Enquirer: 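This is the structure I want to talk about, given as structure tokens.
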2 protein chains.
Amino acid sequence: MSPQPNKRPGRTIRSVQIAFNIIDLLQEEAGIGVTRIADELGHSKSTVHSHLRTLEERRVIVREGDGYRLGLRFLDVASHVRDQIGNFDIVQKEVDSLAEETGEIVQFGVEEYGKVSYLHKAQGEHAVETLSRVGTQQPMYSTSLGKTILAYLPPERIEEIAAAMEYEPKTANTITGPEELFEELEAIRERGYGIDDEENINGLRCVSAPVKNDETILGAISITGPSSRFTEDRLHGELADYVQSAANVIELNTKFS
Amino acid sequence: MSPQPNKRPGRTIRSVQIAFNIIDLLQEEAGIGVTRIADELGHSKSTVHSHLRTLEERRVIVREGDGYRLGLRFLDVASHVRDQIGNFDIVQKEVDSLAEETGEIVQFGVEEYGKVSYLHKAQGEHAVETLSRVGTQQPMYSTSLGKTILAYLPPERIEEIAAAMEYEPKTANTITGPEELFEELEAIRERGYGIDDEENINGLRCVSAPVKNDETILGAISITGPSSRFTEDRLHGELADYVQSAANVIELNTKFS
DNA sequence: TATATCTGTTCCCGCCTGGGGAACGTGTCT
DNA sequence: AGACACGTTCCCCAGGCGGGAACAGATATA
């Protein structure tokens, strides 16, 4: 469940861990009850019971029929989170319109904990289905969004993230080590946009452009599609132009906020 | 902070309460640190510290600069929550298009814990600003969404919710007691849509139509605007037609899911 | 109707965990 | 240097929490 390079441990609180295990479980599988949860997590029913009570009182979960699901409060929290990130409205608008214009998948991502998290995603009409989903994370070395954001982070942050990185080859083209990565980052900085040439998923290519506020990078915007439609030429030409101008629009609108 | 009619208490876990107090606090005010949180909640720094560690490990919160904010993981959770509710895509599409068509505020809400929670909201170009926000809750007796949903809940559920209700007069028109409420619900069932005639906020009127799946109500869709534009005639004519046909579209598309 | 077997709930006990105080380390203002 | 923020760590001890078991309904099986 957690083969990730563990963070500094410090002191961690068991009850809270249990509570979030329950939440995680309910996220994956809604509508289950006390007994099922207790089995799944290896706790006694009474323990789970008091946790459910607590979470219910907090409106974190809701009793529905005979089972629980996550509460709508999370929608509220999510909208607060988006607001905290920066001017989300502009990003959303720009992503949506680019998706409509091109018909492909357009995403906006930011760095969090050394990974890329998708803040918003829009799919045009002939968009391919991908597994990425708003809020989920992907590695930085195998995605164009990740590499592009990484390229513009402060050098010490790059080092820090790169040090904790575990290069898992997702396809034949995936970057497999730091040297290769640093070269790639340099290339991105030179040309101003990042490429994913079937490095994360076979058959898919992406281009992405950085969105900066002054000198600090906020995130990146990318467009994704099948290699058949995304030829080398289009990727470095038309498509790169698209994401770069979209990034510009966002930058201009965020500048004065 | 919690003047609501308390639920059945049972046993509740203190650490988890503290954890969510921290989350709530960070939702309201991002970027604060250990000391500030400790002061605000009346706990020792060490206590707060271990909680923050736990939450950070869980990716619930993120350290940013010198302070914490809620993590993007919430976006993921939120999208799961929406999926669990029903076919959210259709709802979203229908709400958006109705908002664009009419230029006003359109919302979709469901009942949770005896209140209305907004699942989605879209504002057309000359939409008024309202305080409602996705995920937040409003009382059922003073909103058209609430009354409409309530009208189509099973009778025993209506009783249950009505019993726990505290009628707070928000404007001169707010419903102030059960008799009045039940009459209103009956009227809604007869005409098939609900009205809010400045009962929640002065100067604002709404119409809403129920969205059902077979006999169970899923939620309701509403349109909101200033009384100047929302005359009696338009409300019961054109605007009622709008929400009802939108509700129909949603019903037809959800039916086979 | 009785029996069995699922649920969810409650009770109580004893261990251990989590909350608090205080000391420590570090950086940033005077 | 000093003073005062901040976050972090350490340790203690009480009481909170996890767990087992008993209890209460609801549903199924005979």
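Predicted, not measured: the structure shown is a model, and the values here were computed from it. To find a chain, count down the sequence lines: A is the first, B the second, and so on, and within it residues start at 1.
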Enquirer: At what angle, to 10 degrees, do the two end axes of the helix from dT1(C)-dA30(D) to dT30(C)-dA1(D) meet, given five pairs define each axis?
Expert: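 It works out to 40° between the end axes.
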
Enquirer: For a quick test of reading the model: is some side-chain N or O of T35(A) closer than 4.0 Å to OP1 or OP2 of dC6(C)?
Expert: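 No, no such contact exists.
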
Enquirer: I need the CG-C1' distance between N21(B) and dG19(C), as an integer number of Å.
Expert: 14 Å

Enquirer: Side-chain N or O of R53(B) less than 4.0 angstrom from OP1 or OP2 on dT9(D)?
Expert: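 Yes.
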
Enquirer: Counting only side-chain nitrogens and oxygens, does R63(B) get under 4.0 Å of the OP1 or OP2 atom of dT8(D)?
Expert: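 Answer is yes, contact under 4.0 Å.
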
Enquirer: Any side-chain N or O of R11(A) under 4.0 Å from OP1/OP2 of dG7(D)?
Expert: no

Enquirer: Which word best sums up how the rings of Y167(A) and Y141(A) line up, parallel for under 30°, tilted for 30 to 60°, or perpendicular for over 60°?
Expert: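 The arrangement is tilted - the two ring planes meet at 30° to 60°.
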
Enquirer: Could you check how far CZ of R14(A) sits from P of dC15(C), rounded to whole Å?
Expert: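 Answer to the nearest Å: 15 Å.
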
Enquirer: Which sits closer to the 5' end of DNA chain D, R36(B) or I13(B), going by the nucleotide each is nearest to?
Expert: R36(B)

Enquirer: Any side-chain to backbone donor/acceptor pair from T54(B) onto I13(A)? Under 3.5 Å, distance only.
Expert: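 Yes: the side chain of T54(B) pairs with the backbone of I13(A).
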
Enquirer: Verify the contact: side-chain N or O of S15(B) to OP1 or OP2 of dC17(D), cut-off strictly under 4.0 Å; return yes or no.
Expert: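 Yes, S15(B) has a side-chain N/O under 4.0 Å of OP1/OP2 on dC17(D).
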
Enquirer: Using the side-chain contact (heavy atoms from CB on, under 4.5 Å) rule, pick out the option among L119(B), V211(B), V116(B), I217(B) that qualifies with V110(B).
Expert: L119(B)

Enquirer: Does anything in residues 44-51 of chain B reach DNA chain D, meaning a heavy atom under 4.0 Å, and if so which residues?
Expert: K45(B), S46(B), H49(B)

Enquirer: Rounding to an integer number of Å, can you tell me how far D39(B) CG sits from dC6(D) P?
Expert: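 To the nearest whole Å, that distance equals 8 Å.
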
Enquirer: Any salt bridge between R69(A) and E112(B), counting N to O under 4.0 Å?
Expert: yes

Enquirer: Nearest 0.5 angstrom please: T216(B) OG1 to R157(B) CZ, how far?
Expert: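 T216(B) atom OG1 to R157(B) atom CZ measures 13.0 Å (nearest 0.5 Å).
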
Enquirer: Salt bridge or not between E56(A) and R53(A)? Use side-chain N to carboxylate O under 4.0 Å.
Expert: no

Enquirer: Could you check whether E40(A) pairs with R36(A) (Lys NZ or Arg NE/NH1/NH2 to Asp/Glu carboxylate O, under 4.0 Å)?
Expert: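 Counted as a salt bridge, because a side-chain N and a carboxylate O are separated by less than 4.0 Å.
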
Enquirer: Using a cut-off of 6.0 Å, state whether more than 12 heavy atoms not belonging to D83(A) lie near its atom CG.
Expert: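 More than 12 within 6.0 Å, yes.
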
Enquirer: In whole Å, I'd like the distance from the CD1 atom of I32(B) to the C1' atom of dC6(D).
Expert: 14 Å

Enquirer: Between D66(B) (CG) and dA5(D) (C1'), how many Å, whole number?
Expert: 11 Å

Enquirer: Roughly how many Å is it from CD1 in I18(A) to P in dC16(C), rounded to a whole number?
Expert: 15 Å

Enquirer: When the distance from CG of L52(B) to P of dC6(D) is rounded to whole Å, what number comes out?
Expert: 14 Å

Enquirer: Would you mind writing out the side-chain donor-acceptor pairs for residues 73-80 of chain A within the sub-3.5 Å range, not counting sequence neighbours?
Expert:
unit_1	atom_1	unit_2	atom_2	d
R73(A)	NE	R58(A)	O	2.9
R73(A)	NH1	D24(B)	OD1	3.1
R73(A)	NH2	R58(A)	O	3.4
D76(A)	OD2	Q27(B)	NE2	3.1
S79(A)	OG	D76(A)	O	3.1
S79(A)	OG	R133(B)	NE	2.9
S79(A)	OG	R133(B)	NH2	3.1
H80(A)	NE2	Q27(B)	NE2	3.4

Enquirer: Whole Å only: how far is the CD1 atom of I37(B) from the C1' atom of dG20(C)?
Expert: 17 Å

